[in-house]
Amino acid sequence: MERETRVRFAPSPTGYIHVGGARTALFNYLFARNTGGKFILRIEDTDLERSSEEAMRDILEGLRWLGLAWDEGPQAGGSSGPYFQAERIDLYTGYMNRLERDGMAYRCYCTIDELSAERARAVAEGREYKYGGKCRCLTPGERESRLQAGAASVLRFAVTPGTTVVDDMVRGQVSFDNALLDDFVIVKSDGMATYNFAVVVDDALMGITHVIRGEDHLSNTPRQILLYKALGFELPRFAHIPLIMGPDRTRLSKRHGATAVTSYRDQGILPQAMINFLALLGWGYGDKQLFDMTELCDLFNIERVNKNPAVFDTDKLEWMNGQYIRAMTSDDLFQAGLPYLLQAGLIPEEPDDETVLKSKEALKLVQERLRYLSEIPDLVVFFFIRPQGYEPEAAEKWFTRSQTADRLEKLVSELQGMEPFKAEMIEPKVRNLAAAEEIKAGELIHPVRLALTGRKASPGLFETMELIGCEECIIRLRKAAEFVRERV
RNA sequence: GGCGCUGUCGUCUAGCGGUUUAGGACAUCGCCCUUUCACGGCGAAGGUCGCGGGUUCGAAUCCCGCCAGCGUCACCA
């Protein structure tokens, strides 16, 4: 029996969660579910300067919204905590000391100023900069005297010559010459472990079996492998997934507009659509385009992740969102649309049954034209509020002749007292009137639509009329007739 | 600059030496449906598979070189 797979998503709470991070989290999640393993969330919050409570909340909220539930981590608990790196710092000291004692790491007394001067010099001379290993050659005596003097120091890992190969599940074998790695810092002068050191210890202690992360970490991997070996930890499998880029093919950033997961939520992207879209960025399964989470968990396979970076293009996301919106039940659509109706002030905080019913009907009528939930208010206003004006372009076309006013009024008398006021009964009335007037149905339908909705486009006219209601239709038709007369 | 990764329609991708006149999806355009807008259906356009060599009877698929893009080179994670 193989060891249970354990993967982790380890964001640092230095900013909101963006689509790239979400995609990394998703692939980890899918891998865990696919292999029957555990998905762990660890917060890398050791950079107190840049970490914030707010970013933390955004990350948790974003993951939860996407449905990427973590098996272990903040608010979920687990037996390999703590899950905040800031609370794990004591765990590192033993390992630091061991490396130093075993001579695999050494104290370096070079100051930041010295080093940056050295680097500046190298850059000025067009050489590449690499730490020279000056302090590696300190004699025991020199070390002792610096220690006595209480000089500040960092701990550097003593890289030994050779080649380190990363056996990557998506990229295959990638080898690095150790000579190109300088003696990197593993403990900062304040005693805190650096990222490279901390991840290794954390991942090892948490029993992480597969490290799935962005390709930007690939070049750090040989250093980490060296550390795993030095510490005697079992190596995890690595999988470096391609980066997500902006349309200009540079790494996606705020510059490219909306990249925050929560901003898509606010625009009314459904989490299922976001998940589906993200999954298809770097992964695919034949010609199939639409996958729900269950299918994804079932079919996901890290070996099928492709190596090339993908451009984040929301066209397809919008289409997918439309697909998912159309697949919603009336109740689900109402629940999802409610915040938008509320925010637009179209319905009260605690709507009565009649309003709820009407809202559901309205949403049903616009369901197939939605791409974002945020489009809802604009598409349904006229069901709730009498039009305040008419789209000029449409008025120009349909509201220019006095006959139109006559016809609108004739329709009013047709409609008066109609009972029940149903689409299938309204339709013949309108069509018959058009016939009687010897005009095509459209010639009447268009002005009526404009009169009732103020728009040139709307859901089917007869269904729209039914929902607006007989009385209100009559009022609107009369107002429009009046408007036309004044205009001509 | 060193190192590393990547390179198939505008975008996401299928393709793993022959059944490929390179397939699908989004976007675009056209037609149909139709009271409008959508939805849906049908169809079109769009790729000299980064470029150049080679291997092979045969290459998008294998090899080499080049070019381009990206990533990474911190006491940041």
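None of these values were measured; they are calculated from a predicted model. Just so we're on the same page: letters track the sequence lines, and every chain starts at 1.
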Open item on the list: Applying salt bridge (Lys or Arg N to Asp or Glu O under 4.0 Å) as the test, list every pair that has at least one member in residues 82-91 of chain A; sequence neighbours left out.
Closed with: A/Arg88-A/Asp202
- [ ] Once you apply the 3.5 Å cut-off to both distances, tell me the Watson-Crick or G-U wobble partner of B/C31, or none.
- [x] B/G41
TODO: Sticking with atom P, work out how far B/A45 lies from B/G10, rounded to a whole angstrom.
DONE: 15 Å
Open item on the list: Using Watson-Crick or G-U wobble geometry with both distances under 3.5 Å, which nucleotide pairs with B/C62?
Closed with: B/G54
Task: Under 3.5 Å on both distances, the Watson-Crick or G-U partner of B/U6 - done: B/A68
- [ ] Grab the NZ-P distance between A/Lys307 and B/A14 for me, whole Å please.
- [x] 10 Å
TODO: With C1' as the reference atom in both, quote the distance from B/U6 to B/A60 in angstrom, rounded to an integer.
DONE: 16 Å
Task: Qualifying ring pair (Phe, Tyr, Trp, His ring centres under 6.0 Å) pairs with a residue from residues 429-466 of chain A, counting only residues at least two apart or across chains - done: A/Trp398-A/His446
TODO: Compare the minimum distances between each of B/C12, B/A14, B/U6 and the side chain of A/Leu280, then state the nucleotide with the smallest one.
DONE: B/C12
TODO: Could you let me know what B/U21 is paired to, Watson-Crick or G-U wobble, both distances under 3.5 Å, or none if it's on its own?
DONE: none
- [ ] Could you state the atom-to-atom distance from CG of A/Leu450 to P of B/U36 in whole Å?
- [x] 15 Å
- [ ] Could you pick out which residue, A/Asp313 or A/Asp248, lies toward the 5' side of RNA chain B when each is mapped onto its nearest nucleotide?
- [x] A/Asp313
Task: Test salt bridge (Lys or Arg N to Asp or Glu O under 4.0 Å) applied to A/Glu391 and A/Lys456, A/Lys397, A/Arg449, the passing residue - done: A/Lys456
Open item on the list: Any side-chain to backbone donor/acceptor pair from A/Glu443 onto A/Lys440? Under 3.5 Å, distance only.
Closed with: no
Task: Within the 6.0 Å centroid threshold, strictly below: A/Trp283 and A/Phe300 - done: yes
Open item on the list: Run A/Ser153 and A/Arg143 through side chain to side chain donor-acceptor pair (under 3.5 Å) and show every step you take.
Closed with: CA-CA 11 Å; A/Ser153 69; A/Arg143 264 177 217 294; over 6 Å; no
Task: Within 45° cone and under 6.0 Å: A/Arg23 NZ/CZ vs A/Phe27 ring - done: yes
- [ ] Report the distance from atom CG of A/Leu281 to atom C1' of B/U11, rounded to the nearest whole Å.
- [x] 10 Å
- [ ] With P as the reference atom in both, quote the distance from B/G18 to B/C62 in angstrom, rounded to an integer.
- [x] 12 Å
Sub-3.5 Å pairs of nitrogen or oxygen atoms, protein against nucleotides 22-25 of chain B:
residue: B/A25; atom: O4'; partner: A/Gln289; partner atom: NE2; Å: 3.0
residue: B/A25; atom: O2'; partner: A/Gln289; partner atom: OE1; Å: 3.3
residue: B/A25; atom: N3; partner: A/Lys316; partner atom: NZ; Å: 3.2

Open item on the list: Under 3.5 Å for both donor-acceptor distances, Watson-Crick or wobble: does B/G1 have a partner, and if so which one?
Closed with: B/C73
Open item on the list: In whole Å, measure the gap between the C1' atoms of B/U56 and B/A68 for me.
Closed with: 29 Å
Task: Pairs touching residues 164-193 of chain A that satisfy salt bridge (Lys or Arg N to Asp or Glu O under 4.0 Å), sequence neighbours left out - done: A/Arg136-A/Asp183, A/Asp167-A/Arg237, A/Arg171-A/Glu215
Task: Side-chain donor or acceptor of A/Gln289 paired with backbone N/O of A/Asp287 under 3.5 Å - done: yes
TODO: Using a 4.0 Å heavy-atom cut-off, write out nucleotides 71-77 of chain B from 5' to 3' as B (base contacted by protein), S (sugar-phosphate only) or - (no contact).
DONE: SS-SBBB
List, with names and distances, any nitrogen or oxygen atoms from the protein found under 3.5 Å away from nitrogen or oxygen atoms belonging to nucleotides 61-63 of chain B.
none

Task: A/Met245 CE - B/G7 P separation (whole Å) - done: 12 Å
Open item on the list: Could you tell me how far B/G24 sits from B/G46 if I compare only their C1' atoms? Round to whole Å.
Closed with: 14 Å
Open item on the list: Please report the distance separating the P of B/C42 from the corresponding atom of B/C9, rounded so that it comes out in whole Å.
Closed with: 26 Å
Task: Sequence neighbours excluded - ring pair (Phe, Tyr, Trp, His ring centres under 6.0 Å) pairs with any residue from residues 170-195 of chain A - done: A/Phe157-A/Phe184, A/Tyr195-A/His217
Task: B/G69 and B/U8, which share atom name C1', separated by this distance in whole Å - done: 16 Å
- [ ] Give a yes or no on whether the ring-centroid distance for A/Tyr264 and A/Phe277 is below 6.0 angstrom.
- [x] no
Task: Residue pairs involving residues 428-438 of chain A (criterion side-chain hydrogen bond (donor to acceptor under 3.5 Å, both in side chains); sequence neighbours excluded) - done: A/Arg407-A/Glu437, A/Lys410-A/Glu437, A/Glu427-A/Arg431
- [ ] Would you jot down, in residue-number order, the residues of residues 365-374 of chain A having a non-hydrogen atom under 4.0 Å from RNA chain B?
- [x] A/Glu368, A/Arg369, A/Arg371
Report all interatomic pairs (protein N or O, nucleotide N or O of nucleotides 41-44 of chain B) with separations under 3.5 Å.
none

- [ ] Enumerate the residue pairs fulfilling salt bridge (Lys or Arg N to Asp or Glu O under 4.0 Å) with a member in residues 150-164 of chain A, sequence neighbours excluded, ordered by first and then second residue.
- [x] none
TODO: For A/Asp248, enumerate each residue passing the salt bridge (Lys or Arg N to Asp or Glu O under 4.0 Å) test, keeping only those at least two apart in sequence or located in another chain.
DONE: A/Arg255
Task: Distance, P atom - from B/U72 to B/U11, rounded to whole angstrom - done: 22 Å
Open item on the list: Has A/Asn306 got a side-chain atom pairing as donor or acceptor with A/Gly284's backbone, closer than 3.5 angstrom?
Closed with: no
- [ ] Return yes if some donor-acceptor pair links the side-chain N/O of A/Asn28 with the main-chain N/O of A/Thr24 below 3.5 Å, else return no.
- [x] yes
Task: Value in whole Å for how far the C1' atom of B/C16 lies from CZ of A/Arg304 - done: 11 Å
TODO: Using modelled atom types only, decide if a donor and an acceptor are shared between the side chain of A/Lys316 and the backbone of A/Glu318 within a distance under 3.5 Å.
DONE: no
